[in-house]
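Below: one structure, written as structure tokens.
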Amino acid sequence: MEPSLFAKKSVGVPTIEPALTVPLKPPALPLKPKLGSSKPKSKKRDIPEGLWTKCPKCSTMIYDKELDTNLKVCPKCSHHFPISARERIHSLVETCTFEEMDADMMSVDVLKFAAYEGKLERDRKATLLKDAVVTGLCTIGEHRAALGVMEFSFMGGSMGSVVGEKLTRLIERATEKELPVIIISASGGARMQEGAFSLMQMAKTSAALAYHAQRRLPYISILTQSDYGGVMASYASLGDLILAEPGALIGFAGPRVIKDTTQAELPPGFQTAEFLMEHGLIDAIISRNDMKEKLIGYMDFLTAGKKATAS
């Protein structure tokens with residue numbers, strides 16, 4: 001038999017349980033970071049934009065001021081970066097000798113082509129030019145010359161009515177004053193937004209150069225960056241001397257169009273200045289840094305007969 005357990009109980013005194021006190025919540029302690037959870041601080045410094053440029057050919061980082069001083073030519077691999085028309089003029093002509101012609105001539109949307117006006121306005125603001133060419137009379141070395149420079153940043157340097165008219169007036173002025181003509185091309189061809197009006201400029205500029213040649217005056221064509229379509233099919237390929245910058249792309253249609261049309265394998269680099277010089281289209285490939293000196297030498301040679309006759 002199990003023993004009985006008896007609890008002692010006070011007679012007549014009620015049992016009062018003590019009040020329960022809720023303890024205060026202690027302040028939360030900061031959790032220790034887990035090992036490996038925090039990312040290590042990057043040692044790479046943030047480089048401000050506009051100070052360095054990476055060469056697309058040799059991947060060298062070039063200080064922008066050094067690149068500008070070197071006429072936008074990579075000091076390591078001699079890759080030629082695009083350069084504006086104003087910068088080209090500044091690199092070639094003698095100080096304060098450039099007299100710009102027809103600076104306010106602007107294109108008109110005759111065909112009411114969709115979004116053409118908007119693109120013209122956009123590129124005018126971006127380049128501070130009225131159209132895709134800058135023309136004028138200047139002095140290079142001791143030679144007075146008529147100089148036209150295309151601006152590729154203005155609608156790809158495409159040739160519309162204004163570009164054709166400005167170049168024609170430049171050539172006619174040079175013929176009148178018996179000056180050599182130098183045209184630096186950088187263009188994707190005729191401007192499609194102006195239709196047949198842009199194609200007419202091919203004949204107009206070529207005819208002006210024919211009259212210039214009849215007076216036995218020199219014309220030097222310089223091909224840069226890329227030259228295609230109606231520009232290459234007209235004045236750009238009519239020079240007494242045809243020069244090019246290293247790596248310039250030159251042709252009528254692009255490689256893909258030619259390959260799809262001919263259904264043939266194309267030789268590598270067949271539209272580069274180097275390939276075309278080997279096959280006789282280009283007379284010389286000249287670095288941008290040497291262009292002024294070479295132009296002076298060529299004009300000395302090409303104008304020697306005129307000087308001898310005059311004396």
Side-chain angles (χ1 to χ4, degrees), residues 53-60 62 67 70-74 76-85 87-88 91-92 123 127 132-134 148-160 163-164 167 182-192 198-199 201-202 205-206 219-239 241-262 264-291 294-295:
T53 299
K54 185 177 181 180
C55 176
K57 186 175 179 181
C58 67
S59 300
T60 301
I62 313 164
L67 193 61
N70 205 36
L71 299 179
K72 300 285 180 72
V73 177
C74 176
K76 186 173 181 181
C77 68
S78 297
H79 171 74
H80 282 53
F81 287 82
I83 189 171
S84 70
E87 288 174 306
R88 285 191 189 279
S91 70
L92 292 175
D123 288 352
T127 62
V133 69
V134 180
V149 184
M150 302 288 289
E151 175 58 75
F152 193 82
S153 298
F154 197 106
M155 297 195 70
S158 54
M159 179 173 62
V163 172
L167 289 174
I182 301 170
I183 299 179
I184 302 176
S185 303
S187 174
R191 190 171 296 176
M192 57 172 280
S198 65
L199 298 178
Q201 311 312 311
M202 298 170 61
T205 53
S206 299
Y219 164 45
I220 300 175
S221 176
I222 304 175
L223 309 177
T224 67
Q225 196 167 343
S226 61
D227 298 277
Y228 283 91
V231 168
M232 196 59 210
S234 57
Y235 64 84
S237 59
L238 294 177
L241 274 177
I242 301 179
L243 313 177
E245 286 185 345
L249 299 174
I250 301 159
F252 181 73
R256 182 171 56 83
V257 175
I258 296 173
K259 185 175 181 180
D260 291 345
T261 304
T262 61
E265 284 299 320
L266 303 173
F270 79 105
Q271 288 189 330
T272 61
E274 290 75 13
F275 183 92
L276 293 173
M277 183 177 171
E278 289 178 9
H279 292 77
L281 178 65
I282 307 297
D283 294 305
I285 296 174
I286 302 172
S287 173
R288 192 177 294 159
N289 295 309
D290 302 326
M291 188 64 75
K294 294 291 186 182
L295 280 176

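Note that the coordinates shown come from a computational prediction; the quantities given were computed from them, not determined experimentally.
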Original post:
Mind checking what makes side-chain contact (heavy atoms from CB on, under 4.5 Å) contact with S226, not counting sequence neighbours?
Top reply: F152, Y228, L249
Subject >> Residues forming a ring pair (Phe, Tyr, Trp, His ring centres under 6.0 Å) with F270, sequence neighbours excluded >> reply: none
**OP:** Can you sort out the partners of S84 under side-chain hydrogen bond (donor to acceptor under 3.5 Å, both in side chains), two or more places apart, ordered by chain and number?
**Re:** E87
Original post:
What distance separates M232 CE from Q271 CD, expressed to the nearest 0.5 Å?
Top reply: 10.5 Å
Subject >> Residue pair E151 / V134, side-chain heavy-atom distance below 4.5 Å >> reply: no
Subject >> Whether over 12 other heavy atoms sit under 6.0 Å from F275 CZ >> reply: yes
Original post:
P246: what forms a side-chain contact (heavy atoms from CB on, under 4.5 Å) with it, not counting sequence neighbours?
Top reply: H80, E274, I285
**OP:** Sequence neighbours left out, what passes side-chain contact (heavy atoms from CB on, under 4.5 Å) with I220? Give chain and number order.
**Re:** I182, I222, L241, L243, L295, Y298, M299, L302
Original post:
Going by heavy atoms in the side chains, are M159 and M202 under 4.5 Å from each other?
Top reply: yes
Original post:
Quick one: side-chain hydrogen bond (donor to acceptor under 3.5 Å, both in side chains) pairs with a partner in residues 278-287, sequence neighbours left out?
Top reply: none
Original post:
If every non-hydrogen atom of A253 is compared with every non-hydrogen atom of I258, which pair is closest and at what distance?
Top reply: O-CD1, 3.6 Å
**OP:** Please name all residues satisfying side-chain contact (heavy atoms from CB on, under 4.5 Å) with S78, sequence neighbours left out, ordered by chain then number.
**Re:** V73
Please tabulate, one pair per line, all N/O donor-acceptor pairs under 3.5 Å involving side-chain atoms of residues 183-190, not counting sequence neighbours.
residue	atom	partner	partner atom	Å
S187	OG	G157	O	2.6
S187	OG	G189	N	3.0

Subject >> Counterpart residues, side-chain hydrogen bond (donor to acceptor under 3.5 Å, both in side chains), relative to T53 (two or more places apart) >> reply: D64
**OP:** Tell me, with the steps shown, if M150 and Q225 meet side chain to side chain contact (heavy atoms under 4.5 Å, CB included).
**Re:** CA-CA 11 Å; M150 302 288 289; Q225 196 167 343; over 6 Å; no
**OP:** Report the residues that fulfil side-chain hydrogen bond (donor to acceptor under 3.5 Å, both in side chains) with S237, sequence neighbours left out, ordered by chain and then residue number.
**Re:** none
**OP:** Not counting sequence neighbours, which residues clear ring pair (Phe, Tyr, Trp, His ring centres under 6.0 Å) with F81? List them please.
**Re:** H79
Subject >> Which residues share a side-chain hydrogen bond (donor to acceptor under 3.5 Å, both in side chains) with S158, sequence neighbours left out >> reply: R191
Original post:
Rounded to the nearest 0.5 Å, what separation is found between the CD1 atom of I250 and the CG atom of L223?
Top reply: 4.5 Å
Subject >> Inter-residue atom distance T127.OG1 - M155.CE, 0.5 Å rounding >> reply: 11.5 Å
